[in-house]
Amino acid sequence: MSALSVEGLRVRFGSVEVLKSVDLAIESGEFIVLVGPSGCGKSTLLNVIAGLEQATEGRIEIGGREVTGVPPKDRDIAMVFQTYALYPAMTVRGNITFGMECRGVAKAEQQAAVARVAKLLQIEHLLDRRPAQLSGGQRQRVAMGRALVRDPVLFLFDEPLSNLDAKLRVEMRMEIKRLHQRIGTTMVYVTHDQVEAMTLATRIAVMNGGHIQQFADPQTIYDEPANLFVARFMGSPPMNALPAKLVASGSEIAAMVGPDAATAVPLPNATAAMKGWVGREVVLGIRPECITLPDGKQDTRPGPSLPATVEMIEPTGAETMALIRVGQSEVMARMRPDARPAVGSTASFAIDTAKACLFDPKTESRIA
Amino acid sequence: MSETAITMPGQARPARPVPRRSWLSEIPDLLTRIVAGVIATAAVGYVVGFTLWTVLISFTDSTLLPEYNFVGFKHYWQLLNSRIWQVAYLNLTIYGLGFILGATGVGLLLAILIDQKIRGENVLRTIYLYPMALSFVVTGTVWAWLLNPTIGVEQFVRGLGWTQFKFGWLVDRDLAIYCVVIAAIWQASGFAMALFLAGLRSLDGDLYKAAAIDGASPARMYLRIMVPAIWPIVVSVLVILLQTAIKTYDLVRALTAGGPGIATTLPTNVVYDYMFQRGLMGAGSAAAVMLLLSLLIVLLPYAIFQRLRRGKGGGHG
């Protein structure tokens, strides 16, 4: 069953077009993450789905029912906000029951629903407190309780974790994922944090400039980004993008990232699409984890290597990142934790090109 | 790299005078204390000193000038049994309740209406706030004209053709006090609006969205969520209006001069009357002290309530 479908949605505020023809089709039970930089329109899209803002054009269906023009309370949705938006003068119990009170649900039924949700989120001992007496994580839980108690077709989350500190954010992230696995309701989740997107989503919609750039499962987004924007936005550190020239030597195709043949990176998985670009300028996209210093111990196939100057290293404990210079470009490489190449030295870096991507430098979309 | 910039240990540093606390450096410190001391002494002296002195005088038989022949509670009993004092207190009750509730209600309504993202908000806000800039004397004079049956609203409506129209509250013994209430509400509701509006604006915008998704009607949303959320501001407005109500003097002077007869007299007018018109300083002081006591009776519970609330800790609203 389709839980949410958005067709040809446009939103214009005066002369500013915030959403430019957005289409989304979401199956029941999915966890969709809308991710993108500030001002990309992701929050506007969520608000329009909720009915809090009006679309200029287009139609929205929730649970197979057309809801364009239907007020938020009748859309069978629940929403969790970035600032929690708990009613400050009410107790936790009051916050959770307020929606039912507005809909005229019987008192006994309200109490039963509160008890069920409080047990699920382990907030039973907080029910008689006011929001001001709760910690950030507890408020977040209460906000989720207020949404859960509705038992809606669709959950909407508007950056729910961005007001929490880093440690709590990771905990709550896992809890939201566990909650989704447990109740199985469709969720649409807005964030600007690509790690949250990768870890939570069954499918990710990467947005920029009012468009959905790519809508796919996390692995596809990561391995086969539709364009340079997606490649650079997803992943931390982002995918390296090197201007290169595609050359053919025999049956092999290689991307020359520097002035001479020593800087040619062979691409073994050449496709027909690639062959059409031989002799032309392209952008070579390689993830940092595909560039490393061979340490001799690992069972590394004798792959291509590239001489590069080490400009800076960043040990993080679990790994060591290096900023290296290849030709005219600066590139991030991910090395084993104890690798300590001298800054300023030249080393030969191993490159795994199995997952390398090529982009059209003009349109920025992926060739192969 | 130049090494001369770094001072090595043992090397002579450029000579700098060691700072020693001289009497000169103490001057700013001393000055602060003197200034603050003078102000504090003056404040305590004027407020506490003269209050105590007024209490003292209220027990004497002073007339035009203070005398110290004590007569006990004589003035208090006489006042409590006098008709003018009873009328004044009844008026204060009507006026106080009408003015405080009226100004709060109108102010809240205006604040909510302006909060609906309307155009020309700044202009409207300024217009509503303007009466606050006027003195009560001006308000009283203007409303005296407006409510005067021979030149004001009554005359205007009659001019429109309804020749039997009557609006004579100002000259009606029983209704004149409500004219004072109306004028006072007109003056103060803009102030209440400004505070409420600031409070509503300080609320998180997501609250409105959450209420919309919960399906709250506008009335329910404001009464159950927004107003309780700005409850501390509501209480502040009530307290400020309360003390304004109790000390109101000039409005009555300008609007009705206490009349018709003594129908709109407030306790402050009685105090002034005894003190400066009739030259009965003892009785006037007694009236002033009773006014102070009535203010304390209202404000003390509030202060205790605030203390208890703070004691509970972390409470909001």
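In this text the structure is predicted, and so the values were computed from the model without any measurement. Just so it is clear: chains get the letters A, B, ... in the order the sequence lines come, proteins before strands, and each one is counted from 1.
Between atom CD of residue Glu101(A) and atom CZ of residue Arg220(B) there is a gap of 5.0 Å, rounded to the nearest 0.5 Å. Here the CG atom belonging to Asn95(A) is positioned 8.5 Å from the CG atom belonging to Asp214(B), to the nearest 0.5 angstrom. Expressed to the nearest 0.5 Å, how far CG of Asp206(B) lies from OH of Tyr84(A) amounts to 11.5 Å.
Residues forming a side chain to side chain donor-acceptor pair (under 3.5 Å) with Gln122(A) (at least two apart in sequence, or on another chain): none.
Identified by a heavy-atom distance below 4.5 Å to chain B, the contributing residues of residues 48-57 of chain A are Ala50(A), Leu52(A), in residue-number order.
Residue Arg129(A) does not touch chain B at all, counting heavy-atom pairs closer than 4.5 Å. With a 4.5 angstrom heavy-atom cutoff, Arg146(A) touches chain B only via side-chain atoms. Within the 4.5 angstrom heavy-atom criterion, only side-chain atoms of Asn47(A), from C-beta onward, approach chain B.
For Tyr302(B), the OH atom counts as densely surrounded, since its 6.0 Å shell holds more than 12 non-hydrogen atoms of other residues, nucleotides or ligands. The environment of OH in Tyr178(B) is sparse: at most 12 heavy-atom neighbours from other residues, nucleotides or ligands sit within 6.0 Å. No more than 12 heavy-atom neighbours from other residues, nucleotides or ligands sit within 6.0 angstrom of OH on Tyr46(B).
Of all the heavy atoms in Ile213(B) and Arg150(A), the pair that sits closest is O-NH1, 2.9 Å.
Looking at heavy atoms from C-beta onward, Ile225(B) lies in side-chain contact with Phe98(A) at the 4.5 angstrom threshold.
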